[in-house]
Amino acid sequence: MGRSGPGRIIAIAFSSVVVGVISWLCYLAFVDSADTPQSTWRPMSDNTHNIHTVYEIVFWLAAIVFVFILILTLAFTLMFREKEGTTAQQFHGNSKLEAVLLAVPVLIVVAMMVPSFKAIAQNTADPPEGALEVIAIGHQWWFEFQYPELGVTTANELHVPVGRAVSVKLKSADVIHSFWVPQLVGKVDMMPGHENHLWFTPDTARDDAYLAQCAEFCGASHANMRFRVFVDTEVKFDAWTKATLADAAKPATDIVKAGEQQFTLSGCVGCHTVQGNAIAVGKLGPNLTHVGSRTTIASGVLANTPDGLHKWLSNPPAVKPGSKMPNLGLSEDQIQKLTAYLGSLK
Amino acid sequence: MAAAHAEPQHNTTTGIDNRKMLMWVFLASECLFFGSLISTYLIFKGDSITGPLPHDVLDIPLTSTSTFVLLMSSLTMVLAVFGAQHNRLGLMKGMLLATIVLGLAFLGFQVFEFRTFGHEGLNLTTNQFGATFFVLTGLHGTHVGVGVLYLASLLVASGRRNGLGKEVALHVDIAGLYWHFVDIVWIVIFTLIYLIP
Amino acid sequence: MATAVGTLGHTREESTVWKWMTTVDHKKIGALYLITGFTFFLVGGIEATLVRTQLAVPNGTVLDAGLYNQLFTMHALTMIFLAIMPMGAAFFNYFIPLHIGARDVAFPRLNALSYWVLLSGGLILTSSFFFGEAPNAGWFAYAPLTEKEFAPDKGLDFYTVGLFIAGLASLMSSLNFAVTIINMRAPGMTMMRLPVYMWMTLVVAFLLILSLPVITVALVQLYFDRNFGTNFFTPGAGGDPILWQHLFWVFGHPEVYVLILPSMGIVSEVLPVMSRKPLFGYTAIVMAGASIGVLGFGVWSHHMFTTGLGTVPQYVFSASTMAIGVPTGIKVFNWLGTMYGGNIKMTVATYYSIAFVALFTIGGISGVMHASPSVDGQHQDSYFVVAHIHYVLFGGAIMGIFSGLYYWFPKMTGRLLDETLGKIGFWFIFIGMNLTFFPMHFLGLAGMPRRIYTYDAGLGWETWNFVATIGVYIIVVGVALFLVNVFKTFRKPPDAGDDPWGGATLEWATTSPPPEHNFDVVPVVRDRDPVWYNRDHGIVTPEKPAHLHIHMPPPSYFPLVLGIGILLIGVGALSSLAITALGVVVVYYALWGWALEPTE
Amino acid sequence: MAMEHEMHHGDEHPSSTIRQYVMTGILLTAITAVELFLSYSSLPHGLMITLLIGLSAVKFAIVVAIFMHLKFENRLLTRLFLFGLVLATCIMIALLSLFWNDTTDAVGGIPEGQQTAPKH
Ligand code: HEA
Ligand code: HEA
Ligand code: CUA
Ligand SMILES: [Cu+2]
């Protein structure tokens, strides 16, 4: 491939094809990755739509620069490789060309900046009137959710109604955590000593949870600090609220009764609240009033099944390194009872 | 850059002695050091949850005196430099000594101030004021202390030689730069911490 | 070593070890930096390999959470502070005097001291592993996770003390380099004739001089919080964790340019030489480098877009961050312009330089993507950011350093590295690097947060994590081939000649390796590419004078002693005041000796 | 400053140079006294702070220019130093405005009942 005439065209064509194919493969992989449960490219709320509008602009501009620079780099490498009998052209620069090359990045930057500014304004605006208020508190390593208007407190699984704005106040009980639901809302940190805000209006109700995960390193079990958001229909949400407001279910069977006693005896009550159980008012761990109706426990690390509970109760720090719930040295029998009891707390 | 005006007749490109330039660039760096500390102080100003607060403990007349002492030490320092540059050994040594004494006096005031604050219940851990105040003024005091050692070493070392050369003049000059800088940092600290209510 | 210190005497028989320990020759010190930096690069690489091995499959069991967190933190600290910065400093040391036509740096003993202090910082940081308490809160160590309450073991004290000392070393060497470049240039070497590499060095030096004090303050405050009960960064008692973030990133962002600019400088030297034509747009590249330096101080909060910065600061920092793309773009275009019309000799150094241009651009544009705060809401602390940093750090900084290694190895040793083996190694590193880090873009997009030691199956992360792990093993082969190449090369006789590439800058006008005094006759510079100018105008370097007697600064052990004193102060800060006091005494003693030691 | 002329020829009039230094010292002391007076006066807050900062900047400049001879040195040194000084000032201003506009400061720390779990 030479440096003039047809050789030059061949070099550019060849580079374009190579870079084009590579870029296309990358694009396919991007699209493929966008189709994953925790994808950042599946906007399902006004907040993430706003983000995605900018994202697409920024992404495609970046892609153009990517393709353009890679083609030039490859083509120049091929075109100007050392050859017998040729010499390098001696020139120090080209002011006109340099001016153009200055202008192009400036234009690209402006093209990215304008929509970015718009999205900043949108996503940091005050939440609309009538938004559902939620207080989210990050703990090492689980999330607490309070609904001050409804009087509900729950953990690790956030229920919100579709089509209504949700305004979340973000707090932390210890170190920095982060609230990030890739499909519903861009990340905002939970800063100890500060109160951050975010809001979003989910637009699609579905049975599957929207997956989320703490996105600020917060210590040993940062990897195990996940949560789920359920976007419910109006009706379902009201039902959930009602159920959650109610006191815990009264023990119906013997083993559950025994479990309730065990819950007191083992000191669980010191850390956990069970509404309707007068002694269980601890605040250090998640509220367990309706733990049985959650799909997962321990902030999404274990399925909420008898097996999962069993695994958790027999040694929490083994499931979640550093867990603030200690290994209580429960016997098999005690675990059985507790599992039955916890499972009954629907 | 001015450095482009090369002056080849000197043995450095710009004609400035390497060591002097080093000191000035170092002082530029120190601006950022004290800038960060002062910023921290100002950011936490008013964030103390418990007392004592600045107006409970700061003793402006006392500190004005120590500020005056430090200012005077700058004067004696510049005279020492003058002495060194004009081959007046006696002036240089006397003024260096005076600078050292004034510097020590300043440190004495600071120790006294710290102790008084301690008695009034303010220490590093009491509140944000305590933490930021002690770390800022303490690090400034450390700079003064290093300066005193620096000048004392110069004084002793220059005593070993007979007469003065260009080298000694330069050393005193550079030490003077450091000393004056520590003084102007105090000018800023004094205004921002003590004078502004 | 201990005995050598115990018998501080001038007339020791000069063993080789002693020579190296007391050297003040910038070339020897450069070599020390290079060996140290490369060793730490291997250490950091092994840490990375362990990290990747753990992440190869979901719910990996190679490492536990505690060890993983130590490893990724130490990986970053090692790579940034103990590998790339020292390797950068190595080339600075070796080539500043050669490039500007000087006999040595402005302060040879300070230069030696910088090295010993850096080594002390590195030893302190790394020794934390032997206590099982390595820093484990990430390289930017966000409070309050780093406070005593949440990190009771010594790890974060190693962090504060180690970085403090490493920072001291960088400050001293930067002061030295800045003064050297401004003040020690050969006749005719005006600022606008400085090699671009020297310009980038100067910018780096100023970046460090002006940003290190800020992190020093933050480290002191954190140390006080942890050890003396202050509350700078603890909320609840009036402190504010955000302050740490600001102070860290006021340093941290300039720091990333500290890592990349040396490599940009190297590429700006290698490409013109290999293309056999002058650099395209010298002035533009210099101005771009300087404005990157200045702008770099005004963008730090782009690391904090998700901390509740507020609307206006987001506008400001987003705009300033994107603006940095413009001068950087100028550089990329000018490198391409340099290749254009050239007759490019495809050496291994060229390979790495061209790879640098391509890979750095990829990292740069993902950087510009984060610069939009809304987009960053989906990127921050995800693997998209990990992809960005490795494209700029590995694809940028490390590729540039490898280019420099191949380019300058013959100058430093008189021997050419094997080109064929080098090319094979290049392809391993290049392919491995892309396999490791490109998939991280996909992982980030799929919502994988960074700094997680484990993840569940079913999130679509399995494939790409596995691919990334394969990638790192390919890099390992590539790096091992480089080591083999170096060992092989040392076993053959010198074969490089003085100027194997037809270089343009002054280092090629002296022997390989250069004599202690660098140039027999101080060169006179008439052009930006002095060697080419002299070649084209038939100017021959004056003959070596018959009675060559050049005074070089004598060796000195005071830098080493002073370095040991500082090490003792550091060790004392981690253990007991008595050791610190001893350190202070040693430092003072060494300073006295230093000051009175004749330097003629 | 009027003394600039003499300073340049300081070698010839040593005693007059000493006098200039002493005068400078007195001037600095005087400014300090004015500052002190201001801080006890009942000027409006904003005005007082502006004056105080202005005066200390003047003092700063005098020391740097005269005592540290920056006025008489190679301009390069001035630039090197000013670079750090200006940068430090800019960063200070930026940091302070970032913090003073921060609306997310939660007053009173962490609400009751949300403290950390006990450490073990
Ligand atoms: C060598 C180191 C290096 C370099 C050079 C850069 C360069 C850049 N970085 Fe990067 N960055 C890091 C190292 C580096 N970074 C590290 C280590 C982190 C993470 C720290 C951590 O959290 O652990 C980070 C994180 C980071 C963030 C925070 C991400 C987050 O945590 O959410 C951001 C956000 O804006 C950012 C932006 C940029 C930008 C805009 C550039 C620009 O300078 C890039 C400019 C280059 C180009 C744009 C390419 C060439 C230009 C053209 C071809 C012209 C045409 C193009 C356009 C006009 C777009 N970086
Ligand atoms: C300077 C920079 C630098 C470099 C070069 C690298 C290089 C590599 N990094 Fe690094 N990395 C960072 C800086 C760097 N990294 C930073 C700043 C972070 C953020 C940390 C944080 O979150 O706090 C990070 C984080 C980071 C993570 C994310 C961790 C997490 O968030 O959980 C990962 C994961 O894959 C990773 C991987 C790698 C890999 C595989 C390499 C590879 O390229 C390494 C390749 C090198 C080798 C493989 C050398 C080894 C060679 C041999 C061993 C040869 C054998 C020789 C003999 C036997 C004699 N890095
Ligand atoms: Cu909570 Cu990470
Ligand atoms: Cu940055």
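Reckoned from all heavy atoms, side chains included, excluding hydrogens, waters and symmetry mates. Quick note on labels: first sequence line is chain A, next is B, and so on, each numbered from 1. Fair warning: this is a prediction, and the values are worked out from it, not measured in the lab.
- Heavy atoms closer than 4.5 Å to chain A are found in both the backbone and the side chain of C:V326.
- Counting only distance, with no hydrogens or angles, the side chain of A:T40 and the backbone of C:G447 share no donor-acceptor pair below 3.5 Å.
- Counting heavy-atom pairs closer than 4.5 Å to chain A, the top-ranked of the candidates C:V357, C:N334, C:I362, C:I330 is C:I362.
- Annotation: the span from C:I365 atom CD1 to A:M112 atom CE amounts to 8.0 Å, rounded to 0.5 Å.
- Comparing C:W464, C:Y340, C:Y453 by heavy-atom pairs within less than 4.5 Å of chain A, the highest count is held by C:Y340.
- Residue contact with chain A, scored on non-hydrogen atoms closer than 4.5 Å, involves the side chain of C:P241 exclusively.
- Proximity to chain C is limited to the side chain of A:R226, based on heavy atoms less than 4.5 angstrom apart.
- For A:L170, no part sits under 4.5 Å from any heavy atom of chain C, backbone or side chain.
- Contact annotation for C:A371: neither backbone nor side-chain heavy atoms come within less than 4.5 Å of a heavy atom of chain A.
- Of the two parts of C:S382, only the side chain, counted from C-beta on, holds a non-hydrogen atom closer than 4.5 Å to a non-hydrogen atom of chain A.
- For a residue to count as touching a neighbouring chain, one of its non-hydrogen atoms must lie under 4.5 Å from one of that chain's; by this rule A:L101 touches chain C with backbone and side chain alike.
- At a 4.5 Å heavy-atom cutoff, the contact between C:Y142 and chain A is made by side-chain atoms alone.
- Only the side chain of A:M191 comes within contact range of chain C, with at least one heavy atom under 4.5 Å from a heavy atom of that chain.
- Taking C:T328 as the reference, C:M264, C:I292, C:I324, C:F360 meet the side chain to side chain contact (heavy atoms under 4.5 Å, CB included) condition, with sequence neighbours excluded.
- Applying the side chain to side chain contact (heavy atoms under 4.5 Å, CB included) rule to C:N136 yields the partners C:N69, C:Q70, C:L156; only residues at least two apart in sequence or on another chain are considered.
- Contact annotation for C:F384: only side-chain heavy atoms (C-beta onward) come within less than 4.5 Å of a heavy atom of chain A.
- C:F233 does not touch chain A: none of its heavy atoms, backbone or side chain, sits under 4.5 Å away.
- Neither the backbone nor the side chain of C:Y68 comes within contact range of chain A; no heavy atoms are under 4.5 Å apart.
- At distances below 3.5 Å, at least one donor-acceptor pair connects side-chain atoms of A:N196 with backbone N or O atoms of C:T307.
- Contact tally against chain A (heavy-atom pairs below 4.5 Å) for C:K277, C:M322, C:Q378, C:R276: the top residue is C:Q378.
- Using a 4.5 Å cut-off on side-chain heavy atoms (C-beta onward), A:I176 and C:P144 make contact.
- Both the backbone and the side chain of A:A121 come within contact range of chain C, with heavy atoms under 4.5 Å apart.
- Neither the backbone nor the side chain of A:D32 comes within less than 4.5 Å of any heavy atom of chain C.
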